[in-house]
Structure formats: structure tokens, C-alpha cells
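Note that ligands are numbered from 1 as they come in the structure, with each ligand's atoms numbered from 1 the same way. Keep in mind that what you see is a predicted model, and the values were worked out from it rather than measured.
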Amino acid sequence: MKIIKILAIETSCDETAASIVEKNGSNIIIISNVVASQINIHKKFGGVFPEHASRAHTEKIIPVVEEALGKTKPDVIAVTTGPGLIGSLLVGVNFAKTYAYTKNLPIIGINHWLGHIYSCFPHEYVIHSDSVVIDGDSLPANKHNQLLNHAAKPQITFPLLALIVSGGHTGLVLMKSHTDIEPLGETLDDAAGEAFDKVAKLLGLDYPGGPAISAAANCHSERREESPANAGSRTSREILHYVRDDKIKFPRSMLDRKDYNFSFSGLKTAVLYKFREIESQFNHNQSRGEAANHYKSLIAYEFQQAVIDILVGKTLQAAKEFNPKSICLCGGVSANKELRIQMEKAVMSLRASAKQSDQETTFHVPPFILTTDNAAMIGIAAAYHLDEANTWKNINADANLRL
Ligand code: KG4
Ligand code: ZN
């Protein structure tokens, strides 16, 4: 059987990424996975600045593809065609089209959200990933080889229920096969990752907000166990009492509705008002220091738990209606450890109750390296959609592409 070598390219937002994925019969192997992150560029804005993003893609696309390619001669090109920032998408799509044209190769357009879903599929395989993650401006940087062996994990079986949670999208998708794909619902306003980023900015935490909120929330989990009597300053003791009295409760929007849509903007506003209230109560004109850290981590903890409750609640609701054989959690926010733990527990409880009806639901998350944007997931998706190969003339970027 011929090995098919796919060159995959992803530039939908703020990561310039390229990967070589090989399809050898039913084996899918990630040969290289190169990501040039723009975090340092967007940090000072507390969010992605589209104009800077497309400029950085233009600078990085050739060296990133060169690094991913090595000596490989690809048989097919895969590229993210949308959804995303149009200025960013155009860099990857036009590069991919030009490459396909000059080498006379077929090209496959991949929906970014579908790519995130396929980031869970490597659990079926032994992956050899020679990955390079380039942080900031230097190229190439910390190269590391990885052998990600997920052979012991259960296989994904259709119907598959996928929760995609990223910075640009939050939605539930039901896949009955590789081609029968039905979006069940999506966010009506902010994406979950966007909410993490905005709340982090409000609290003066780092960018991107997800990892920063998660670290602050962990600090609070540890403090929660402390006795108020040993809590240092008087303000810290007051804050601990405030926590004990459960004075912070954020809304779990949409959980009472029967549809599968999400909304995070009300939660974000609730955090803003609570933050202002606490600041005026505890922060005697000092937005730094022990007390401020204390209540910021408390808010981060309660915010994160509200997001997790919404995501887990909606996923379980859909699982009860559609009885999937597999559930997958993917997208940048799926890097959140607490979300992974709580979602897995919820799926286990579903499994326990499903035992009577003889159906066990398996749970899947991507390896951490494939949670945030990367091109390997685009290559894996392409490996399952090789019959969609097209000519460069029919491939276009679409900022609002739907599944
Ligand atoms: O999938 P992704 O790389 O880009 C989009 O497709 O949008 O997701 C990026 C998002 C950011 O909003 C980031 O804050 C969030 O993923 N994220 C996290 C964590 N790591 C990244 N959110 C929560 N907890 C994390 N540990
Ligand atoms: Zn993404």
C-alpha cells in the first residue's frame, strides 16, 4: 500500500503552523509538527491584533513549512480554509495554493473546527511526532522528539459527540460518520476561550488567559483549605471568610434550556461587576499585593468552575439525547486540566448508568501538544478526507466557513 504524505498548513488565527502527516493504510503518523506562536506579539494587546497576525504569518510561513518538510516530498496539500481571521487565513491558503500549483499537487480544504475534532483521533494510533514548537520570534527553537503512544486507549466509534472549545468557537457537533456531520449548537456570543482571555485581562493576568486563569484558580484551591485564622493579613482573613460564606456565585447561563447553544457574555459581565464590588470592599487603593492576588484567584476559580459546569452540563444533556458511542473534548480550552477531569468524571457517571442498556461511552481528549492550534490536526483530518482532494482553483479562504 502506498504511503500518502500530507503537507498540512494552518494559519487561521495567531499560530503559523505546518506539519507532515503520513497515511499508511489505517495508520496515521505525525512526522513533524511545527508551530510558530505569536503570543509575544499579541500579549501587549491582551488579545489577537488581526493586522499584526497576518504580517507575522507572512514572515513565518516559509521557514515554518521548510522546517516541517525537511526532505519530504508531499503527495497532497491540506490547508485550513476557515473559519478564522481573513487576513490570517489568506496567508496560509494562498501559500498552499501556490505550492500545489507549482508542484502540480492536489489540495484539500479543511474546516478548522473539524481539525480540532480530529486532534482526538490519534488516540487510535501510535504517533511518532518530531515536534518543534517555536515560541516568539526565534526560528528554529526547542526541538524535541516525542513518542506519543496512545495504542492502549479505546478507539473512537461513531456516533461521536464532540465539544469544541477554543478561543474562536464553542459548539457541540454530532458525527455519525466522517462525512455525516451535524452541528447541534454553538455560542450565541463569546467563545469559552475568549471569555477566559477577557476575564484574565480584567483581572490583570497574563495572555493567553486560559492558562493564567487556570493557574490562579489552582492557587485558590490550595488556599481554600487554609484556616482563616492563619491567613496572614487582616484583609486576607476577611477574604477567606467572604469565600466561606459563598458570596461569589456566577450564573450558569443556558443550562435550563433544551437547545445546545451556549452563552458566555453574561458570565463575563457578572465577573466584571463582582470584581468591581470586591475591589471597592477589600482593596484599599492597592491593586497589587497579597490581598489582590487572593481575591483575583478566588474570582478565577469561581469563573472557571462556572464555565466547566456549563460545558459539562450541555455535553451530558446532548449525550443523553443522542447516545453517542464516543465523546471528545477538543480545542484550546481542552488543555484545561480541571475541565478534563470533571468532563471525564461526568462521562464515567453516564457510562455507569448506561451499563443497563449495554452501551459504554468512551471519552477522548487530544494529547496536550495538539490542543491549541496546530497543523497536525489539519493533516489528520485530511487523511480521513483524501477523496475530497481538489485543484488549487477551487480552494478559497472563508472567514465564516460552517461545518
Ligand atoms: O484552539 P485555540 O488554540 O485557538 C482557536 O481556535 O481559537 O484556542 C485558544 C484558546 C485561548 O482562548 C486560550 O486562552 C485557551 O484556548 N486556552 C485555555 C487553556 N489553554 C489555552 N483555556 C483554559 N484553560 C487552559 N489551560
Ligand atoms: Zn483553534
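- Distances shorter than 4.0 angstrom do not occur between any heavy atom of C13 and any atom of ligand 1.
- The nearest heavy-atom contact from the protein to atom 25 (C) of ligand 1 is G210 C, 3.6 Å.
- Given atom 6 (O) of ligand 1, the protein heavy atom at minimum distance is H112 NE2, 3.1 Å.
- At least one N, O or S atom of H116 sits under 2.8 Å from the Zn ion (ligand 2).
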Item to complete: For salt bridge (Lys or Arg N to Asp or Glu O under 4.0 Å), just list the numbers for E59 and R55, CA-CA rounded to whole Å, side-chain angles, deciding distance to a tenth of an Å, and then say yes or no.
Response: CA-CA 6 Å; E59 281 167 22; R55 273 168 189 266; over 6 Å; no

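- E15 places no side-chain N or O within 3.5 Å of a backbone atom of V35 that could act as its donor or acceptor partner.
- Looking at T170, its side chain does come within 3.5 Å of a backbone N or O of A192 through a donor-acceptor pair.
- The part of H116 lying near ligand 1 is the side chain, judged by heavy-atom distances below 4.0 Å.
- For atom 24 (N) of ligand 1, the closest non-hydrogen atom on the protein side is N336 ND2, 3.1 Å.
- To the nearest 10 degrees, the Zn ion (ligand 2) sees OD1 of D373 and NE2 of H112 at an angle of 100°.
- Geometrically, R351 does not engage F363 in a cation-pi contact defined by less than 6.0 Å to the ring centre and at most 45° from the axis.
- Short contacts between ligand 1 and A335, defined as distances under 4.0 Å to a heavy atom of the residue, involve ligand atoms 20 (N), 26 (N).
- Some N or O of D373 is nearer than 3.5 Å to an N or O of ligand 1, by distance alone.
- Contacts between D197 and ligand 1 below 4.0 angstrom, taking non-hydrogen atoms only, involve the side chain exclusively.
- Shortest non-hydrogen contact noted between I9 and I378 is O-CG2, 4.2 Å.
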Worksheet item: Would K268 and D189 count as a salt bridge (Lys or Arg N to Asp or Glu O under 4.0 Å) if you check the C-alpha gap in whole Å, the side-chain angles of each, and the deciding distance to 0.1 Å?
Response: CA-CA 11 Å; K268 187 187 64 191; D189 39 59; over 6 Å; no

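- Checking T372, N374, D373 one by one against H116, the side chain to side chain donor-acceptor pair (under 3.5 Å) holds for a single residue, D373.
- An N or O contact shorter than 3.5 Å is missing between F196 and ligand 1 by distance.
- Although no hydrogens or angles enter the test, the distance criterion places no donor-acceptor pair under 3.5 Å between the side chain of T72 and the main chain of P74.
- Not a single heavy atom of Q304 sits less than 4.0 Å from an atom of ligand 1.
- Scanning all protein heavy atoms for the shortest distance to atom 9 (C) of ligand 1 gives G167 N, 3.7 Å.
- Classification of the F121-H178 ring pair by plane angle, with boundaries at 30° and 60°, yields tilted.
- Close approach of ligand 1 to G193 (heavy-atom distance below 4.0 Å) involves ligand atoms 12 (O).
- An N or O contact shorter than 3.5 Å is missing between G331 and ligand 1 by distance.
- Between W113 and H169, the ring-plane angle classifies as parallel under the 30° and 60° cut-offs.
- Ligand 1 has a nitrogen or oxygen under 3.5 angstrom from a nitrogen or oxygen of G168.
- The closest protein non-hydrogen atom to atom 17 (N) of ligand 1 is G332 O, 3.5 Å.
- Residue K337 does not touch ligand 1, judged by heavy-atom distances below 4.0 Å.
- S326 contributes a side-chain N or O that, together with a main-chain N or O of T157, makes up a donor-acceptor pair within less than 3.5 Å.
- Between T372 and ligand 1, a contact under 3.5 Å exists for no N or O pair.
- Using a 4.5 Å heavy-atom threshold, the side chains of I164 and C330 count as touching.
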